[in-house]
Amino acid sequence: MPASLCGTWDMISNVNLEGYMITLGISPFMRKIALRLRLRKVIEEQGDQYIIKTTSSFRNYAVSFRVGQEFKEFTHGLDNRHVKSLVTWEGNKLVCEQIGEKKNRGWAHWIEDDKLHLELYCEGQVCKQVFKKNVNE
Ligand code: ECB
């Protein structure tokens with residue numbers, strides 16, 4: 001049983017968000033804003049459903065899903081694309097495949113050294129983010 005992803009997590013490192021955003025076609029102006037954000041993840045489990053909220057002072061994004069059940073996702077406020085997403089456990093990693101216009105797109109979350117790790121990938125670019133648990137929230 002993998003360690004729980006649930007909780008409130010604050011970003012402590014962010015590598016190659018720029019490359020990831022370029023592959024998604026995000027404008028230079030929006031990339032500049034996005035790169036300055038201190039992102040937070042709030043992950044909840046309600047029954048067999050996961051809710052992952054990404055929050056910031058600028059914009060929020062939320063997705064909810066059941067593991068193993070394909071769903072339609074609209075990346076509202078990100079690159080605004082429609083994808084078909086499927087989240088599965090691969091060992092200790094919660095892995096999402098996002099099928100759509102962009103090839104090899106998805107993300108993976110896992111816990112390592114009490115930190116929440118995230119890889120966001122798209123067309124050969126990988127953004128790596130690490131989050132520290134916020135015990136006050
Ligand atoms: C949610 C605040 C980000 C707002 C940035 C605004 C414009 C930039 C447009 C696209 C940037 C792409 C990604 C930004 C980084 C993180 C957003 C959520 C990434 C994601 O898919 O998280 C997954 C895994 O935790 C759950 O949705």
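Both backbone and side-chain heavy atoms feed into the values below; hydrogens, waters and symmetry mates do not. Just follow the structure's listing: the first ligand is 1, and inside any ligand the first atom is 1.
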Undergrad: Around atom 16 (C) of ligand 1, find the nearest protein heavy atom and jot down its residue, atom name and distance.
TA: L39 CD1, 4.0 Å
Undergrad: For atom 20 (C) of ligand 1, what is the nearest protein heavy atom, given as residue, atom name and distance?
TA: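 The answer is L120 CD2, 3.6 Å.
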Undergrad: My understanding is that only residues two or more places apart in sequence, or in another chain, count here; which of them pass ring pair (Phe, Tyr, Trp, His ring centres under 6.0 Å) with W107?
TA: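 With sequence neighbours excluded, W107 shows a ring pair (Phe, Tyr, Trp, His ring centres under 6.0 Å) to H109, given in chain and number order.
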Undergrad: Give a yes or no on whether a salt bridge exists between R40 and D10, defined as a side-chain N under 4.0 angstrom from a carboxylate O.
TA: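 Looking at D10 together with R40, the answer is yes, because their closest N to O distance falls below 4.0 Å.
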Undergrad: From the options F131, F58, W107, select the one whose nearest heavy atom is closest to atom 23 (C) of ligand 1.
TA: W107
Undergrad: Could you list the atoms of ligand 1 found under 4.0 angstrom from a heavy atom of A34?
TA: 5 (C), 8 (C)
Undergrad: Between R81 (side chain only) and G100 (backbone N and O only), is there a donor and an acceptor less than 3.5 Å apart?
TA: no
Undergrad: Which ligand 1 atoms does V63 reach within 4.0 Å, using its non-hydrogen atoms?
TA: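 Atoms satisfying the 4.0 Å criterion: 26 (C), 27 (O).
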Undergrad: Quick one: do W9 and N134 satisfy side chain to side chain contact (heavy atoms under 4.5 Å, CB included)? Show the steps, please.
TA: CA-CA 5 Å; W9 304 88; N134 183 323; over 6 Å; no
Undergrad: Among all protein heavy atoms in this structure, tell me which lies nearest to atom 18 (C) of ligand 1, with the distance rounded to 0.1 Å.
TA: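 Sorting protein heavy atoms by distance from atom 18 (C) of ligand 1 puts T54 OG1, 3.8 Å first.
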Undergrad: Given H117 and K93, is the side-chain hydrogen bond (donor to acceptor under 3.5 Å, both in side chains) satisfied, shown in steps?
TA: CA-CA 9 Å; H117 289 246; K93 293 189 180 182; over 6 Å; no
Undergrad: Run the numbers for me: atoms of ligand 1, each under 4.0 Å from some heavy atom of M21, listed by number.
TA: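 Reading through ligand 1 atom by atom, the close ones are 11 (C).
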Undergrad: Under 4.0 Å from a heavy atom of I52: which atoms of ligand 1 are those, numbered in the order shown and with their elements?
TA: 25 (O), 26 (C)
Undergrad: Looking only at protein heavy atoms, which one is nearest to atom 12 (C) of ligand 1, and how far off is it?
TA: Y20 CE2, 3.8 Å
Undergrad: Would you check the N or O atoms of Q129, main chain and side chain alike, for any that come under 3.5 Å of an N or O of ligand 1?
TA: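 By distance alone, the answer is no.
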Undergrad: In terms of residue, atom name and distance, what is the protein heavy atom nearest to atom 7 (C) of ligand 1?
TA: M30 CE, 3.4 Å
Undergrad: Distance alone, cut at 3.5 Å: any donor-acceptor contact between the side chains of T8 and E137?
TA: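 No.
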Undergrad: Can you list the ligand 1 atoms lying under 4.0 Å from a non-hydrogen atom of Y61?
TA: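 In order of numbering, the contacting atoms are 1 (C), 27 (O).
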Undergrad: Considering non-hydrogen atoms of the protein only, which is the closest contact for atom 22 (O) of ligand 1, and what is the distance?
TA: K41 NZ, 3.0 Å
Undergrad: Among protein heavy atoms, which lies nearest atom 3 (C) of ligand 1, and at what distance?
TA: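 It is L78 CD2, 4.0 Å.
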Undergrad: Which heavy atom of G7 sits nearest a heavy atom of K133, and at what distance?
TA: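 That would be CA-CE, 4.2 Å.
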Undergrad: When you measure from atom 14 (C) of ligand 1 to every protein heavy atom, which one gives the shortest distance, and what is it?
TA: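 Result: L17 CD1, 4.1 Å.
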Undergrad: Do NZ/NE/NH1/NH2 and the carboxylate oxygens of D113 and K115 come within less than 4.0 Å?
TA: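 Here D113 does not pair with K115 in a salt bridge, since their nearest N and O are not under 4.0 Å apart.
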Undergrad: Evaluate H109 for polar contact with ligand 1, using N/O atom pairs at a separation under 3.5 Å.
TA: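 Indeed, backbone or side chain, H109 has an N or O that close.
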Undergrad: Donor-acceptor pair, distance only, cut-off 3.5 Å: does the side chain of E70 make one with the backbone of L86?
TA: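 Absent.
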Undergrad: Who passes side chain to side chain donor-acceptor pair (under 3.5 Å) against K32, sequence neighbours left out?
TA: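 Once residues adjacent in sequence are excluded, K32 has no partner under the side chain to side chain donor-acceptor pair (under 3.5 Å) criterion.
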